[in-house]
Protein chains: 2
Amino acid sequence: MSKPAASVNLLDQPAETPCCPPMAVQRMEQATALQLAPAFKALGDPVRLQLMSMIASAPGGEICVCDLTPSFEVSGSTISHHLKTLRDAGLVDAERRASWVYYRARPGLMLQLATLLTPAADA
Amino acid sequence: MSKPAASVNLLDQPAETPCCPPMAVQRMEQATALQLAPAFKALGDPVRLQLMSMIASAPGGEICVCDLTPSFEVSGSTISHHLKTLRDAGLVDAERRASWVYYRARPGLMLQLATLLTPAADA
DNA sequence: CATCGGATTCGACGTTTGTCGAAACCGAGG
DNA sequence: CCTCGGTTTCGACAAACGTCGAATCCGATG
């Protein structure tokens with residue numbers, strides 16, 4: 001029982017069913033804020049934001065850490081640490097194949113965040 | 001010359017012209033990441049995320065600080081500090097009228113962020 | 001099975017963040 | 001002009017963060 005099921009219901013959606021309307025339409029519940037804030041925080045660092053964009057725009061939907069690291073000034077261990085932050089936030093998935101680790105975006109959560117930020121579509 | 005003009009070109013858009021395609025479509029430039037990361041960071045706290053949603057969804061488009069503060073457990077000075085963070089990030093505007101201060105959302109930047117997070121719309 | 005290279009984890013560090021209470025600011029009204 | 005209520009600023013402090021280098025892990029390959 002170290003992982004209560006209630007903490008994942010917003011992150012495991014099938015990517016086509018945003019849980020919540022845009023925040024300009026309806027005030028957000030505290031529980032929603034508590035679950036989604038870590039995702040925004042994870043995107044709140046320039047290195048992670050660029051990492052996320054490289055992963056999300058990778059041809060084939062995935063990219064090797066070895067192709068990410070050389071694009072930044074910081075050390076490899078720092079990149080790894082940032083990737084873990086993105087993983088913990090539910091924004092990316094990692095898979096090891098042979099010596100290399102490949103990352104891919106989880107579009108479900110991205111869509112949640114995008115929907116939340118969408119301005120009210122009043123005509 | 002203490003404020004180079006190059007630092008504001010992403011935040012002062014007329015709200016209907018997102019500067020950048022979704023990050024799933026095209027890799028983000030470092031300069032873009034440096035300018036937009038603070039906005040995501042500002043949304044990366046549960047209190048600020050809820051504040052932002054209360055402001056963005058306020059009837060009439062604005063809301064008084066006196067209507068925000070009672071909704072949270074934290075002190076008034078902490079709320080004020082969070083509001084300043086949202087202001088500095090370019091997400092909200094403040095206006096004083098008599099004894100009260102009213103906040104309203106800046107939909108331009110919200111749209112930028114939403115666009116960036118939108119999944120690639122490949123058919 | 002010893003070694004190699006890619007990736008993560010660990011331990012440490014200076015900096016930033018979230019929070020509070022006290023003090024200061026600023027209109028309004030007596 | 002003094003006071004009052006709403007808001008912001010200041011100073012302080014513990015916790016979290018970003019970064020590094022060293023150590024460790026983990027497949028692959030000789």
Side-chain angles (χ1 to χ4, degrees), chain A residues 28 30 33-55 58 62-105, chain B residues 28 30 33-55 58 62-105:
Chain A
M28 205 174 184
Q30 185 185 21
L34 285 171
Q35 294 197 27
L36 259 24
F40 282 116
K41 181 189 287 195
L43 296 174
D45 177 275
V47 173
R48 284 196 297 266
L49 196 50
Q50 244 188 316
L51 280 172
M52 189 70 213
S53 95
M54 291 180 72
I55 296 168
E62 65 179 18
I63 187 169
C64 174
V65 174
C66 60
D67 289 327
L68 293 170
T69 306
S71 296
F72 298 87
E73 303 280 320
V74 300
S75 72
S77 69
T78 297
I79 295 296
S80 191
H81 171 70
H82 282 314
L83 289 172
K84 174 168 170 47
T85 301
L86 291 173
R87 244 184 300 132
D88 290 347
L91 287 164
V92 300
D93 260 348
E95 180 193 358
R96 168 160 225 137
R97 287 205 300 274
S99 288
W100 298 276
V101 177
Y102 294 86
Y103 278 77
R104 56 176 58 238
Chain B
M28 206 173 183
Q30 185 185 22
L34 285 171
Q35 294 198 27
L36 259 23
F40 283 116
K41 182 189 287 195
L43 296 173
D45 178 274
V47 172
R48 284 197 297 266
L49 196 49
Q50 244 187 316
L51 279 172
M52 189 69 214
S53 96
M54 290 179 73
I55 296 169
E62 65 179 18
I63 187 169
C64 173
V65 174
C66 60
D67 289 327
L68 293 170
T69 306
S71 296
F72 298 86
E73 302 280 320
V74 300
S75 73
S77 69
T78 297
I79 294 296
S80 189
H81 171 69
H82 283 313
L83 289 172
K84 173 168 171 48
T85 301
L86 291 174
R87 245 185 298 133
D88 290 347
L91 287 164
V92 301
D93 260 349
E95 180 193 357
R96 168 159 226 139
R97 288 207 298 277
S99 288
W100 298 276
V101 178
Y102 294 86
Y103 278 77
R104 55 177 59 236

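Treat the numbers as computed from the prediction; the structure is a model and nothing was measured. Throughout, protein chains are lettered first and strands after them, A, B, ... in sequence-line order, and every chain is numbered starting at 1.
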S.K.: Side chain of A:Leu83 only, please: which of C:dT8, D:dT9, C:dT19 is the nearest?
M.R.: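 Between C:dT8, D:dT9, C:dT19, the one nearest the side chain of A:Leu83 would be C:dT8.
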
S.K.: So if I take every side-chain heavy atom of A:Ser99 and compare against C:dC20, D:dT7, D:dA28, which nucleotide ends up nearest?
M.R.: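 The answer is D:dA28.
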
S.K.: Whole angstrom is fine here: how far is it from CD1 in B:Ile63 over to P in D:dT7?
M.R.: 11 Å

S.K.: May I ask you to say what A:Tyr102 touches in the nucleic acid, namely base, sugar-phosphate or nothing, with a heavy-atom cut-off under 4.0 Å?
M.R.: nothing

S.K.: Any sub-3.5 Å donor-acceptor pair from A:Arg87's side-chain atoms to A:Val92's backbone N or O?
M.R.: no

S.K.: In whole Å, what is the span from the NE2 atom of A:His81 to the P atom of D:dT24?
M.R.: 21 Å

S.K.: A:Leu43 versus B:Leu36: any side-chain heavy-atom pair under 4.5 Å?
M.R.: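 A:Leu43 does not reach B:Leu36 side chain to side chain.
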
S.K.: Whole Å only: how far is the CG atom of B:Asp88 from the C1' atom of D:dT8?
M.R.: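 To the nearest whole Å, that distance equals 13 Å.
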
S.K.: Looking only at the side chain of B:Arg96 (C-beta and beyond, no hydrogens), which of the listed nucleotides C:dT8, C:dC26, C:dG6 gets closest?
M.R.: C:dC26

S.K.: Given C:dG27, D:dT8, C:dC20, identify the nucleotide with an atom nearest to the side chain of B:Thr78.
M.R.: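 Between C:dG27, D:dT8, C:dC20, the one nearest the side chain of B:Thr78 would be C:dC20.
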
S.K.: Among C:dA28, D:dT8, D:dC20, which is the nearest nucleotide to the side chain of B:Ala98?
M.R.: C:dA28

S.K.: In whole Å, I'd like the distance from the CG atom of B:Leu86 to the P atom of C:dG18.
M.R.: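 That distance rounds to 11 Å.
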
S.K.: Contact class for B:His82 (heavy atom, under 4.0 Å): base, sugar-phosphate, or nothing?
M.R.: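 The answer is sugar-phosphate, as B:His82 gets under 4.0 Å only of primed atoms, P, OP1 or OP2.
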
S.K.: Angle between the end axes of the helix from C:dC1-D:dG30 to C:dG30-D:dC1, five pairs per end, to the nearest 10 degrees?
M.R.: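 Between the first-five-pair axis and the last-five-pair axis there is 10°.
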
S.K.: What is the distance, rounded to the nearest whole Å, between atom CZ of B:Phe40 and atom P of D:dC17?
M.R.: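 Those two atoms, CZ and P, are 18 Å apart.
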
S.K.: Given C:dT8, C:dG6, D:dT7, which nucleotide is nearest the side-chain atoms of A:Val101?
M.R.: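 Side chain of A:Val101 sits closest to C:dT8.
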
S.K.: Want to settle it: does A:Lys84 or A:Trp100 sit nearer the 5' end of DNA chain C, counting the closest nucleotide to each?
M.R.: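 Closest to the 5' end, via its nearest nucleotide, is A:Trp100.
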
S.K.: Between A:Phe72 (CZ) and C:dA7 (P), how many Å, whole number?
M.R.: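 Rounding to the nearest Å, CZ of A:Phe72 and P of C:dA7 are 14 Å apart.
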
S.K.: Calculate, to the nearest 0.5 Å, the distance between atoms CG and CE belonging to B:Leu68 and B:Met54 respectively.
M.R.: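 B:Leu68 CG to B:Met54 CE: 5.0 Å, rounded to 0.5 Å.
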
S.K.: Contact between A:Asp45 and A:His82 at the side-chain level, heavy atoms closer than 4.5 Å - yes or no?
M.R.: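 In contact.
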
S.K.: Using whole Å, what does the distance between atom C1' of nucleotide D:dT8 and atom CG of B:Leu68 come to?
M.R.: 15 Å

S.K.: Does A:Ser53 use its side chain to pair, donor to acceptor, with the backbone of A:Gln50 at less than 3.5 Å?
M.R.: yes

S.K.: Answer with yes or no whether A:Ser77 presents, from its side chain, a donor or acceptor under 3.5 Å of a partner atom in the base of D:dG21.
M.R.: yes

S.K.: Mind listing the closest non-hydrogen atom pair of B:Ala105 and B:Met52 along with its distance?
M.R.: CB-CE, 3.9 Å

S.K.: So does A:Val74 get a backbone contact from the side chain of A:Thr78, meaning a donor-acceptor N/O pair under 3.5 Å?
M.R.: no

S.K.: Could you work out which one of C:dT19, D:dT19, D:dT8 sits closest to the side chain of B:Val65?
M.R.: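 For B:Val65, the side-chain atoms sit closest to D:dT8.
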
S.K.: Identify whether any heavy atom of B:Tyr103 sits under 4.0 Å from a base atom; if not, whether one sits that close to sugar-phosphate; answer base, sugar-phosphate or nothing.
M.R.: sugar-phosphate

S.K.: Checking all strands, does B:Arg48 fall into the base, sugar-phosphate, or nothing category for heavy-atom contacts under 4.0 angstrom?
M.R.: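 Sugar-phosphate contact only - B:Arg48 comes under 4.0 Å of backbone atoms but never of a base.
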
S.K.: Restricting to non-hydrogen atoms, name the atom on B:Ala89 and the atom on B:Pro38 that form the minimum distance, rounded to 0.1 Å.
M.R.: CB-O, 4.1 Å

S.K.: How long is the line joining CZ of B:Arg97 and C1' of D:dG6, in whole Å?
M.R.: 15 Å

S.K.: In terms of side-chain heavy atoms of B:Ser80, which of D:dT9, D:dT19, C:dA7 is nearest?
M.R.: D:dT9

S.K.: So, does A:Lys41 get its side chain near the phosphate of D:dC17, meaning an N or O under 4.0 Å from OP1 or OP2?
M.R.: yes

